2 protein chains.
Amino acid sequence: MVPAIERLPKRQRHQQLSKLIEENPFMTDRELTRLLKVSIQTIRLDRLELGIPELRERLKLMAERSYDSVRSLPLHEVIGDIVDLQLDKSGISMFEIAHEHVFSRTGIARGHHVFAQANSLAVAVIDDEIALTATADIRFIRSVKLGEKCIAKAYVRSISGEKSKAKVEVFTYVGEEMVFQGNFVIYRSAGDYVSEGGIERADRY
Amino acid sequence: MVPAIERLPKRQRHQQLSKLIEENPFMTDRELTRLLKVSIQTIRLDRLELGIPELRERLKLMAERSYDSVRSLPLHEVIGDIVDLQLDKSGISMFEIAHEHVFSRTGIARGHHVFAQANSLAVAVIDDEIALTATADIRFIRSVKLGEKCIAKAYVRSISGEKSKAKVEVFTYVGEEMVFQGNFVIYRSAGDYVSEGGIERADRY
DNA sequence: TACTAGTTTAGTACCAGGTTATAATAGCAG
DNA sequence: CTGCTATTATAACCTGGTACTAAACTAGTA
């Protein structure tokens with residue numbers, strides 16, 4: 001049944017094929033024949049067996065992926081995932097340090113990403129039409145590394161109702177350990193309702 | 001020369017065409033004929049005039065863009081373009097505020113992007129293996145808006161050789177106007193290299 | 001030895017989504 | 001009428017495939 005001896009070449013080729021296409025999805029079958037030294041039909045049978053779509057389908061998939069991620073990129077609106085939010089009181093967000101956030105040499109997160117999480121949260125926690133960071137006084141307590149999950153907790157310390165400023169304190173933890181601390185002064189749009197929980201905002205989606 | 005009267009339809013159609021393709025780059029010429037009520041040849045002439053490539057080329061371009069941005073993501077290494085750099089002395093970087101950096105509602109830049117530029121520059125200007133932000137004291141002087149070019153200038157104020165800290169002051173301008181100011185304390189490596197475990201990988205091509 | 005099966009190669013027809021070139025037609029301006 | 005633009009039509013050709021049929025080259029086995 002299973003010849004079992006000269007069966008390897010095919011499997012090997014399949015592996016190579018998968019790897020080549022993963023490394024460079026822009027390759028045509030014809031280019032692959034040159035690299036694998038088999039006929040174009042073999043390449044096509046292999047793709048069939050492996051369920052690898054043709055070049056054009058691959059490119060279309062990639063295009064669709066990137067197109068979707070461009071569309072749904074209010075990713076920049078808030079850095080990190082908001083876990084809990086009590087407007088004008090406190091908030092919690094989570095942010096996992098990925099490759100693109102670290103110095104490639106050391107795996108240590110660039111400070112501005114940690115700051116961005118805290119800043120986003122400090123702004124988000126202020127319940128106002130417009131909230132902008134005025135000043136910040138921050139401390140990076142220890143470096144954060146690739147893969148670590150940063151939990152930022154923001155507390156609104158004071159709202160100077162007339163003066164249209166709010167003080168927000170943010171602490172960021174990895175596990176039990178505090179890694180960042182910042183005091184933010186946030187400008188808020190003056191002249192409107194100071195919320196005590198009774199404000200509905202319809203323009204917020 | 002320019003008939004000027006029934007000349008509009010074409011221009012209008014060109015506009016519509018561009019818009020349709022921009023909105024949905026996945027449309028074939030045949031689908032476009034149905035929307036614009038002209039022959040497929042007209043669509044193709046239009047694309048030719050407008051320099052819009054065929055569907056497959058569009059998808060390929062999109063795929064390449066997303067592929068590149070995944071591969072070459074030291075895009076995050078420095079925020080903004082370094083224009084001038086004198087290590088341990090000063091540096092200048094430029095950063096243009098784009099759509100993805102602003103609050104969509106107001107067109108005002110999120111603070112952490114402005115901070116990121118300054119922070120990146122403050123770190124870059126320190127001539128050392130490893131440089132990390134320790135603390136920062138920052139002030140957002142006025143809000144920065146979509147399309148504005150931020151010029152950040154960093155000055156190294158002191159290097160405490162033994163103590164492995166440096167003070168860097170950064171000023172960010174839009175035109176003549178200062179929009180941000182920050183005092184950074186940067187940790188620097190006290191002269192050691194961080195070994196990454198010494199793994200050589202031969203399985204790489 | 002011949003039979004059988006898995007693997008590889010070859011060849012043909014066909015398809016989508018075009019490009020390129022060439023020609024025919026409509027509509028109006030001078 | 002001539003000349004010009006815009007539009008449409010027609011046909012040949014291209015790339016990078018799919019789908020299908022058929023042949024040829026392994027081997028192992030009865």
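All values reported here derive from a predicted model rather than from experimental measurement. So that the names make sense, note that chain A is the first sequence line, chain B the second, and so on, each numbered from 1.
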Would one find a side-chain N or O of [X] under 4.0 angstrom from OP1 or OP2 of [N]?
X        : N       : answer
Thr42(A) : dT8(C)  : no
Arg47(B) : dT19(C) : yes
Arg13(A) : dT8(C)  : yes

Heavy atoms under 4.0 Å, any strand shown: does [X] hit a base, just sugar-phosphate, or nothing?
X        : answer
Arg30(B) : nothing
Arg58(A) : nothing
Leu45(B) : base

Are the side chains of Val102(B) and Ile108(B) in contact, using a 4.5 Å heavy-atom criterion? no
Which of Phe95(B), Phe140(B), Phe184(B) passes ring pair (Phe, Tyr, Trp, His ring centres under 6.0 Å) with Phe115(B)? It is Phe184(B)
Please say whether more than 12 non-hydrogen atoms of neighbouring residues, nucleotides or ligands are located less than 6.0 Å from CD in Gln15(B). no
Would you kindly give the [atom1]-to-[atom2] distance between [X] and [N], to the nearest whole Å?
X        : N       : atom1 : atom2 : value
Lys10(A) : dT9(C)  : NZ    : C1'   : 13 Å
Lys37(B) : dT8(D)  : NZ    : P     : 13 Å
His14(B) : dT5(D)  : NE2   : C1'   : 12 Å
Leu48(B) : dT19(C) : CG    : C1'   : 9 Å
Asp29(A) : dT15(D) : CG    : C1'   : 12 Å
Leu36(A) : dT8(C)  : CG    : C1'   : 14 Å
Leu59(B) : dA16(C) : CG    : C1'   : 13 Å
Glu54(B) : dC13(D) : CD    : C1'   : 14 Å

N-O pairing of Glu49(A) and Lys10(A) below 4.0 Å: yes
Tell me whether Glu57(A) is salt-bridged to Arg47(A), with the criterion being a basic N under 4.0 Å from an acidic carboxylate O. no
Check: Arg56(B) side chain, dG18(C) base, donor-acceptor under 3.5 Å: no
Choose from dT18(D), dG16(D), dT19(C) the nucleotide whose nearest atom is closest to any side-chain atom of Arg44(A). dT18(D)
Out of dG18(C), dT8(D), dT7(C), whichever nucleotide has its closest atom nearest the side chain of Val38(B): dT8(D)
If you pin Gln41(A) and Thr28(A) to their nearest nucleotides in DNA chain D, which one's is more 5'? Thr28(A)
